[in-house]
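Quick note: numbers below take in every heavy atom, side chains included, and nothing from hydrogens, waters or symmetry partners. Residues take their numbers from the sequence shown, with the count starting at 1.
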Amino acid sequence: ACSDLPNLNRKAGFVMSDTFSMSPQKRDLVWEAREALRGHVRCAVVDAAGELHTSVERGVRPMLLWLRDDPDMLRGATVADKVVGRAAALLAIYGGASHVYGDIMSESAVREFDRAGVRHSATLVTEGIMNRRGDGICPMERLCAGASSPEEAYLRMRKKVLEDEQ
């Protein structure tokens, strides 16, 4: 959830999805969240009550704000984001999301979701997430590289993104 689409280190030909093993109702929620990404929306959440929340902000900021304002909002939710790296994956896991879709998802995000038992699907899986300039690793990926838990990653990102703004 950190980089513009053209600046990614792509691994062509690898697409994964587990949406076919879901109930029709869950597939509908994934479809609704995914469809919300069309246009300027960069992150969408269908919460456990079926309410759609969207954001046009980039990176992990939307999920950080949602978690700050309503810590239970992601619990049982379906999340869709343009780009999902390990940092965004750890936020979704921390928040209790039940399914995460990424237009682009990193291999490290896939590993985190698998480890946490969170359903996930992607259009394209890439080796890593680059920064917006395309000349290095995403700063949130770097910030969370040594995080040993979703909570630790959340606290690091919250401090860097939200508390540094004040």
Side-chain angles (χ1 to χ4, degrees), residues 1-3 16-37 41-123 125-126 128-129 138-165:
C2 190
S3 181
M16 48 150 292
S17 175
D18 68 354
T19 55
F20 297 109
S21 65
M22 291 181 217
S23 69
Q25 296 84 4
K26 189 63 179 176
R27 270 196 305 274
D28 289 346
L29 294 177
V30 173
W31 181 86
E32 182 179 355
R34 190 175 158 184
E35 284 298 300
L37 293 181
V41 172
R42 301 197 64 81
C43 187
V45 171
V46 178
D47 65 23
E51 185 177 336
L52 177 65
H53 308 266
T54 62
S55 177
V56 296
E57 296 200 56
R58 292 176 169 215
V60 297
R61 187 171 167 71
M63 278 198 281
L64 284 170
L65 289 171
W66 287 325
L67 286 167
R68 180 195 68 193
D69 297 343
D70 181 0
D72 292 324
M73 187 181 130
L74 297 183
R75 191 145 327 281
T78 299
V79 177
D81 205 323
K82 297 271 188 184
V83 180
V84 179
R86 181 173 184 259
L90 290 169
L91 282 178
I93 294 165
Y94 175 77
S98 65
H99 186 103
V100 178
Y101 165 80
D103 282 342
I104 297 174
M105 186 177 288
S106 72
E107 292 172 350
S108 59
V110 169
R111 285 192 296 275
E112 292 295 339
F113 290 135
D114 286 346
R115 188 177 0 249
V118 174
R119 288 182 174 269
H120 54 280
S121 54
T123 300
V125 174
T126 184
I129 306 299
C138 165
M140 292 300 109
E141 297 295 287
R142 185 174 36 256
L143 181 68
C144 295
S148 60
S149 70
E151 181 180 21
E152 180 183 351
Y154 166 71
L155 293 172
R156 287 181 183 194
M157 287 184 276
R158 185 182 73 184
K159 181 176 183 351
K160 177 73 176 164
V161 175
L162 300 181
E163 294 174 12
D164 284 357
E165 292 175 354

Decide yes or no on salt bridge (charged side-chain N to carboxylate O under 4.0 Å, His left out) for Arg158 and Glu163, but give the supporting numbers first. CA-CA 6 Å; Arg158 185 182 73 184; Glu163 294 174 12; 3.3 Å; yes

Side-chain donor or acceptor of Ser106 paired with backbone N/O of Gly128 under 3.5 Å: no

So, taking the atom named CG in Asp114 and the one named NE2 in His120, what distance separates them when rounded to the nearest 0.5 Å? 4.0 Å

About how many Å separate NE2 of His53 and CG of Leu65, when rounded to the nearest 0.5 Å? 13.5 Å

Check whether any side-chain heavy atom of Pro139 sits under 4.5 Å from a side-chain heavy atom of Lys160, and report yes or no. no

Quick one: closest heavy-atom pair of Val45 and Ala77, and the distance? CG1-CB, 3.7 Å

Heavy-atom nearest pair, Met105 first then Gly102, reads CE-N, 3.8 Å

For the atom pair CG (Asp81) and OG (Ser55), what is the distance rounded to the nearest 0.5 Å? 9.0 Å

Out of curiosity, Met63 CE to Met73 CE, how far, rounded to the nearest 0.5 Å? 10.0 Å

Are Tyr101 and Thr123 linked by a side-chain donor-acceptor pair shorter than 3.5 Å? yes

Please report the shortest heavy-atom distance between Val125 and Glu107, naming the atom on each side. CG1-CG, 3.7 Å

Could you pull out every donor-acceptor pair under 3.5 Å between side chains of residues 84-94 and any protein atom, sequence neighbours left out?
{"unit_1": "Arg86", "atom_1": "NE", "unit_2": "Glu112", "atom_2": "OE2", "d": "2.9"}
{"unit_1": "Arg86", "atom_1": "NH1", "unit_2": "Cys144", "atom_2": "O", "d": "2.4"}
{"unit_1": "Arg86", "atom_1": "NH2", "unit_2": "Glu112", "atom_2": "OE2", "d": "3.3"}
{"unit_1": "Arg86", "atom_1": "NH2", "unit_2": "Ala147", "atom_2": "O", "d": "3.0"}

Could you grab the distance from atom CG of Leu143 to atom NZ of Lys159, nearest 0.5 Å is fine? 10.0 Å

Applying side-chain contact (heavy atoms from CB on, under 4.5 Å), run through Met140 and Ile129 and close with a yes or a no. CA-CA 9 Å; Met140 292 300 109; Ile129 306 299; over 6 Å; no

What is the distance from atom CZ of Arg42 to atom CZ of Arg61, rounded to the nearest 0.5 Å? 14.0 Å

